[in-house]
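Inspection log for the structure reproduced underneath, given as structure tokens.
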Amino acid sequence: MKAMKQRKKRAKKGEPQTVTKAVTHIRLEAANPGKLAALDQLAQVFLALTQQYVALFCTDELPDGFRAPCFPTPLSDRWHRVAMQQAAGIAQAWRTKRANAYQEYLDALAEYQEHQTAGTSDPAAKAPKWREWDVPTPRQPCIQANANVVKLEAATESSFDGWLKVSTLDKGTPLLVPIQFSDYHKEQLTDPKTGQRRKINSSVTLNKRDGVWWLTLSYTETVTVQTPPDAPIIGIDVGIANFLTTSDGKQYGSFHRRLRERQKRDREKRRRKARLRKCLEKQGVPKDKLPSTSSATGQRLIRHVRQAINRAVNLCFEEHEGCQFAYEQLSVASMRHKARAMNAYMRASNLGHIPDQIAWNATKRGVAATKVKSAYSSQECHVCHYVDRKNRPNQQTFCCQVCGHTTHADVNASRNLAARLHDAELRACTTRHEVKALLMRRHEQWKQIVGLVVVQPPVCAASRTPVSLAQRG
Ligand SMILES: [Zn+2]
């Protein structure tokens with residue numbers, strides 16, 4: 001069970017938040033195999049139409065699930081609309097992700113050019129390049145249907161829990177698939193407060209994975225935020241060495257040695273398989289006879305890491321009862337920065353899972369947790385606001401080049417995140433460039449207030465020379 005949708009806006013104390021919870025893995029089984037074949041047939045046509053609209057909405061038009069139908073299909077008008085709306089959702093998510101990535105690229109390019117002009121660029125550094133994204137193609141059949149085309153109906157006889165009534169290509173002949181809930185599903189679908197069956201949302205999802213059809217139902221729950229607005233603020237920095245580091249100096253979970261070793265073994269296994277594939281391909285072995293490149297151990301490893309993340313987030317919330325949280329809105333750039341040690345699929349699937357898990361824990365516990373901008377949070381000095389990559393002489397250490405403030409790098413970052421919770425000026429910044437300019441202005445103000453001038457550039461960590469500062473006047 002997990003949160004599908006959560007309100008993005010920051011919730012205030014006493015304000016109800018609605019959470020949509022999914023009930024997954026309800027297996028569709030039919031005594032009559034012909035029934036599910038009709039569903040396969042429908043899915044094929046549906047997927048093809050969805051793909052046409054995805055391409056349209058990603059390239060030529062803005063996503064609009066209510067536009068006039070423009071592709072021929074044997075599907076009914078209702079199914080046509082469902083396909084178009086699903087495509088609009090896929091295209092919108094793709095456009096948002098692409099726009100973010102493109103902005104990150106522009107920021108990286110601007111930073112590169114700044115260094116070029118200032119003559120401070122690393123000779124090995126290359127200008128960032130933009131590679132245009134491909135239009136997304138769903139691999140497995142997935143149908144997000146509404147009650148116009150798929151309906152869950154209560155069973156009148158006792159042997160089943162319900163019927164799924166699916167309208168098909170054969171108009172007027174709906175498909176009826178019996179639904180049987182497991183004890184686990186029944187428990188999820190019962191409100192523990194009232195003991196009553198929850199109201200199931202009318203939209204359902206049908207997925208086909210490895211030849212099996214699965215149904216996902218959902219229900220909406222209201223959770224009230226209990227955190228008072230003046231509750232202590234805990235900043236959370238997200239990373240690999242430590243999954244969570246809090247601004248009070250605690251650390252939770254880690255991508256530790258055992259996981260690292262498993263990951264390495266899995267990577268080698270996949271490389272060997274890829275080489276074998278190539279070899280067989282050259283010998284003219286047909287594609288469907290080649291060994292698969294997807295890895296079961298890889299999937300297991302991802303699950304294992306996610307469980308470790310979930311435990312870490314749980315413990316962090318338990319140990320900070322009565323607090324509110326500020327955590328980072330991970331950007332592509334900060335993920336890249338944080339995850340050099342991981343390979344691509346681990347990075348994509350797991351770093352993003354940490355903030356999701358924080359949001360989910362906060363919602364289900366009625367605790368206030370707010371995403372804040374992460375730009376430069378790892379390079380900014382928490383004391384004097386000076387921003388410099390050199391403030392991080394290595395992965396663990398933060399040592400300010402100006403004021404000499406020295407601490408664990410992740411603790412410095414989490415304190416910055418905590419301070420950003422009520423920072424309206426910083427929230428108003430729209431680019432990384434603006435964030436940096438604001439922080440440097442604050443640094444100038446800090447210098448004026450403390451009346452300090454740097455007489456010689458301090459050297460940190462690497463040589464362990466103390467930082468020298470001289471009082472002005
Ligand atoms: Zn400083």
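All residue numbers in this chain count up from 1 along the given sequence. Read the numbers this way: they start at 1 and go in the same order the structure lists the ligands and their atoms.
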The Zn ion (ligand 1) contact by Cys403, N, O or S atom under 2.8 Å: yes
N, O or S of His443 under 2.8 Å from the Zn ion (ligand 1): no
N, O or S atom of His405 closer to the Zn ion (ligand 1) than 2.8 Å: no
Vertex the Zn ion (ligand 1), arms to Cys400 SG and Cys384 SG, rounded to 10°: 100°
Distance-only polar pair, side chains of Asp248 and Thr246, donor-acceptor under 3.5 Å: yes
Within 6.0 angstrom of Glu318 CD, more than 12 heavy atoms from elsewhere: yes
N, O or S from Cys381 under 2.8 Å to the Zn ion (ligand 1): yes
NE2 (His433) with more than 12 external heavy atoms under 6.0 Å: no
Check ion pair Lys436-Glu380 (N to O, under 4.0 angstrom): no
Aromatic ring pairing His405/Phe398, orientation class (parallel under 30°, perpendicular over 60°, tilted between): tilted
